[in-house]
Structures are given as C-alpha cells and as structure tokens.
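What follows is a short report on a single structure.
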Amino acid sequence: MPERSLMGLVARTAYWVEWWRRFGPPSGNEPKLTDPLGRYVIVTFVKGTNMGPYEAARHIPGVSGHELSYVANKHFSIVLLNEAVADLVNAHARLDISQAWGDGTAVAADGTHMDTYLDNLLSETSVRYGKPGGIAYHHVSDTYIALFTHFIPCGVWEAVYIIEGLLKNTSQVQPITVHADTQGHSFPVFALAHLLGFDLMPRIRNWKELTFYRPSKQSEYVHVDALFGEPGKNVIDFDLIESQFRHLMRVAVSVREGTISSSTLLKRLRSGSRKNATYAAFREVGRVIRTVQLLRYLSDAPLRRRVTAATNKVESFNRFSQWIGFGNRGVIADNDPVEQEKAIKFNALLTNAVIFHNALDIAEIVRQLLEEGWEIDPEDLAHISPYLTEHINRFGEYSTHELGIQPDAYDPKLDVDFTPLREQDLTAAGLGQAA
C-alpha cells in the first residue's frame, strides 16, 4: 500500500466524491470562505480525529482555533453529516472491489464505549464497561463501510436502536438482513424487524438455554421435540396475533413513515404491562420469528459462519474508528448532547473516507498485478480488509499543501469475475432454506 497522510487522504476523497459540498451555513447560501473545500476537509480531519480545533491549530499552519471552531459549529449539522456519510457509502458501493466483500444486503449493528466527562446530560457510568461515557452505535455494511451511526447513553438497551439506524440510513445501500450481538436478542425487536421487512439474525450467547415455541399443543417433532419443552407447553397464541394484526400493521406503518421512532416504540414495549394486548401480540410474533431463526441457526452451519463474520466486521470497524479518533485520548470533550452526536458522526465520516480510499488503493494494486500477469482469485480478495493502517501517517505536522492538488479521476472498474462468490452465497442460502 502506498504511504498516505491522513489529511491528504481525506482531501482526495473530497475531490472525487464531493461530499464536502453538503456543508454550508444554515441560511443555505454559498459559504463565504476563501477555500471552502480546504476548510471543510481540515474541519472533518480535526473533528474526526477528536483533536479539537485549538489543539489542531498548533499543528496545522494557516488556520486558527477560532476559525475551525466557528466553521464546525456553523457549517456542519447532524443532518448534513449524515448526507455526507451517505455520499461516501454510495461511492464505495460503485467500486468493483467492494463486491469481493459483500453485496450490501446485510448489515451488522454493534456499539463501542466512548469516554466522556461526567458533568453532562448524556454521560452515565456503564455497568458493562465500568466507566463513564456513552455508546457509539454503528451499522456496518457487509462491504465494511458504516451506513449509520448513533451516540446513545450507556444505560439504554442497545437493541432498540437496531431498527432506528436502518430506517435513518439514506444511502443507496439498503440491507435486508441485520446481524447483531446478544444485545439484539428480544421478542419485540424480532417482531418489529419482521413487520418492517428485515431479517434479524443476531449472534445469541447461550442460545441453548432459550425457549422454543410450538405452533399448537398437538405439534410434536421426531428429533428436536426436547427443544420445545414439555408436550403441549410453550404454544404460540395465534388467535391473539390475528385479533391484533391490524393494530400491529398500523404500528409498523407509523414507524416506517416516521410518525413514531422505533426506539421509542421498543422502549415502551419493553417496559409495558404484559396484560397490554399490543405488547402481548408483539411478544407472540417475536416468539414465532425467534423460534424460526433459532432453528435456522441450529441447522445451517454456513449461516452461523455468516453471522460470526458480520459481527466480527462491526467489531473491527469499532477498533478502526477508534484508531482514527486518536485525539484527546479518545475522550469526547463536548458536554452538549448535540455536539457529542456530531463528534461521533465526524468520526464516522472520516473513517468512511479512509475505508473508501483504502479500497481504491487495494484495487490499484490488484490492477498492477493483473498487468504483470498474475491471476487474481476473487476469494483471495474477499479475505483482504480495507481496515488497513500501516501505510497511514497520523502524526507530525499536518501539511495542507495537498489540499490544492486535484487528483486524477479514479477507476471504479476491476477486471475480476466475482460471480463465483455470489454463486457460493446463493448455494449457501439454498442449503439453509432446505434445512
């Protein structure tokens, strides 16, 4: 991999993808900056690495801390950052090399702890991590790039944000299969995902201790009946589901249309009374879907490998994004919840820019090997991750001379046949369905 400076890498992606054009003053007018591209690239670098504007101004010539802080506050918003992230996701999806890693139909969701100061509204002491802070919750595509990112308190139930990130993802990559860790395992989440058309398949710890549910009291199974407990027990109440079906669909449509957020709904369902008919219906649907998914997970070895691979990707993304956000020892210094959310999204934007550029560098190396006569196996490319760091220079003086160098156009095409990888996926899916 060619050696790259982090600043130059971000600048090149800004020229190619033009994600920087998303930003500007709230009035919608043209930014009154001498060099808006350069300033937006520097701000993205500074905020994405978590350096802070005044600390960064000590290392970057030609800028002041006040200027960087003003541009970050007045020209960048959460909505605009989401749009810029989507621009990079769309550009990444058009690269041939991304086909080596996936087709964009699957996504994995997971959170990672972020340190904050204690004296703010969002920070809590995490029981899971044993220290104060919040959770950066990422939805990472099977092509390694982050589709959406939340910043949530440590005390919340992470599963309620699984659906929220999928619905707020505005990129052209729209996954239908969702993987998560054990936090994503819940009856209401299974039910809502199914009603919205998503296939939720989390990695479940100690799944052998979970209950399997029968469709009727008379249902018996030759080889796996012991999984369902005592005969005639653990039976799905399909009459309840039928009586509440219209209401369930109205709730799902309300969530899809944005009338109510999925996280708010799932929080209410989690704390709702078990005598409430809506909660009970969601629970019954969730029992049906989870039982089916557990049986699939039990009988389909390729599926288990895909679930593990997907959750490993998002965990690798967490480490990669933290490597990029090296400033201030990884502590988010802002106490305003809006600015904390922006800090996480800046980091996601910068991380996606690095992933996109790494994918281009990998493709260029493959292109050179093909010209030299090497035969490239797409399965070999599938084992290469764009989370590469050895060639990236993060420290030292951050020169801005590369901001004025417009790079040549990049080539998204790659003379490699990825059809065998897709055929393997289809074969594995067929085996899973048959099982």
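Keep in mind that this is a model prediction, so the values were computed, not measured.
- Between the Thr291 side chain and the Tyr213 main chain, a donor and an acceptor come within less than 3.5 Å of each other.
- Aromatic ring centroids of Phe148 and His150 lie under 6.0 Å apart.
- Ring orientation note: the planes of Tyr40 and Phe76 are nearly perpendicular, at an angle over 60° on the 30°/60° scale.
- Taking the side chain as every heavy atom from C-beta outward, Leu88 and Ile355 never approach each other to under 4.5 Å.
- For the side-chain contact (heavy atoms from CB on, under 4.5 Å) test, residues two or more places apart in sequence or in another chain that qualify with Lys413 are Asp96, Asp411.
- Using modelled atom types, one side-chain atom of Lys342 and one backbone atom of Ala72 make a donor-acceptor pair closer than 3.5 Å.
- Side-chain contact between Leu9 and Val354 is present, with heavy atoms from C-beta onward closer than 4.5 Å.
- Put simply, the side chain of Glu284 gets close to the backbone of Asp237: a donor and an acceptor are under 3.5 Å apart.
- Residues satisfying the side-chain hydrogen bond (donor to acceptor under 3.5 Å, both in side chains) test with Ser385, not counting sequence neighbours, are none.
- Residues in residues 299-325 take part in these ring pair (Phe, Tyr, Trp, His ring centres under 6.0 Å) pairs, two or more places apart or across chains: His138-Phe317, Phe320-Tyr387.
- The CG atom of Asp361 lies 5.5 Å from the NE2 atom of His391; values are rounded to the nearest 0.5 Å.
- A donor-acceptor pair under 3.5 Å is formed between the side chain of Arg214 and the backbone N or O of Ser219.
- Asn328 places no side-chain N or O within donor-acceptor distance of the main-chain N or O of Met51, the cut-off being under 3.5 Å.
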